Amino acid sequence: MSEIYLGSTLLWNASLEKIFSFIYSNGLDGVEMWAQHWFERGYSIEEYQRLSALYPVKTVVHSCSWDLNPSSLNEGIRKASVGEIEKSIDLAVELNADEVTVHPGHATVAGNMEEYYPRMHQSLQEILEYAKRKNIDISLEIMEEIPKEYATSVGAMKKITQEMEDEFCYTLDIAHCEGKKEIFTALEEGKHFSKFHISNRQGKHLHTPLPEGDYDFTEILPILEKYQLPFVVEGFDSSKEFSVARKNVNFLKNYGGKK
């Protein structure tokens with residue numbers, strides 16, 4: 001089966017050692033460490049390095065995205081958002097991560113969405129220049145169809161990135177897709193995917209556990225596996241029992257992917 005990473009927000013209240021041990025003991029391959037999670041919890045680089053020597057767990061970083069908008073009409077907000085993404089890139093360097101997942105911006109005011117493309121293009125130029133200096137790859141996440149989101153397809157991403165298209169890769173989030181047709185369309189259009197975010201959805205409620213929602217992942221996973229890209233299990237769980245994370249892991253074990 002493809003490599004399986006766990007989004008760190010599924011273990012929101014875990015210590016750094018618990019994150020490593022949970023992933024390793026469940027036969028998973030890596031963690032997507034959300035930068036905002038890292039900064040909020042105040043995790044230690046030194047402890048991470050110590051644990052990395054004990055547990056062979058791979059790492060990618062999800063950049064800060066909450067409350068940010070790198071295509072904001074407010075230039076101060078746009079610059080601050082780019083700065084937070086650059087901080088996430090710095091974290092990826094310290095964690096020896098393979099890449100950083102970046103959310104594109106959204107509209108400040110609903111209307112002609114393409115008015116925001118130049119602002120996002122400028123932010124991506126700044127982010128790309130910084131990432132190149134740090135030798136970090138950037139994967140742009142395709143967003144869901146909700147008001148004010150405009151980077152919701154591979155085609156939109158190409159219009160935004162323009163001459164930089166080949167400099168980025170994409171992350172396809174299955175929960176962001178409104179039906180299997182949208183998944184297949186994205187797979188046909190995209191040639192630069194680096195990974196899949198996997199979680200379910202119940203109508204407009206996104207990132208539910210894999211066995212709970214509109215998608216049958218026993219049908220979808222075999223299709224995605226053909227691309228031989230990593231899966232990142234996403235969601236949020238602030239419980240001390242990590243029940244959502246365990247539900248996802250149990251589903252994958254029953255599916256037959258991990259020991």
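Please read these numbers as outputs of a predicted model, since none were measured by experiment.
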Heavy-atom donor-acceptor pair, [X] side chain to [Y] backbone, under 3.5 Å:
| X | Y | result |
| --- | --- | --- |
| Thr108 | Leu73 | yes |
| Ser139 | Thr171 | yes |
| Glu165 | Thr161 | no |
| Asn69 | Gly105 | no |
| Lys58 | Val31 | no |
| Asp173 | Glu141 | no |
| Asn200 | Asp214 | yes |
| Thr9 | Gly235 | yes |
| Ser15 | Lys18 | yes |

Looking at Trp12 versus Trp34, is the centre-to-centre ring distance below 6.0 Å?
-> no

Between Thr152 and Glu145: side-chain donor-acceptor atoms closer than 3.5 Å |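 Yes, side-chain donor-acceptor contact under 3.5 Å.
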
Step by step, would you call Glu46 with Arg50 a salt bridge (Lys or Arg N to Asp or Glu O under 4.0 Å)?
-> CA-CA 6 Å; Glu46 291 74 17; Arg50 177 183 69 81; over 6 Å; no

Salt bridge (Lys or Arg N to Asp or Glu O under 4.0 Å) partners for Glu94, two or more places apart |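 With neighbours one apart ignored, the set is empty.
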
Side chain to side chain donor-acceptor pair (under 3.5 Å) partner of Glu212, the single match among Gln202, Arg201, Lys247 = Lys247

Between Ile142 and Ser153, which heavy-atom pair has the shortest distance, and what is it?
->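 Nearest heavy atoms, Ile142 then Ser153: CG2-N, 3.6 Å.
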
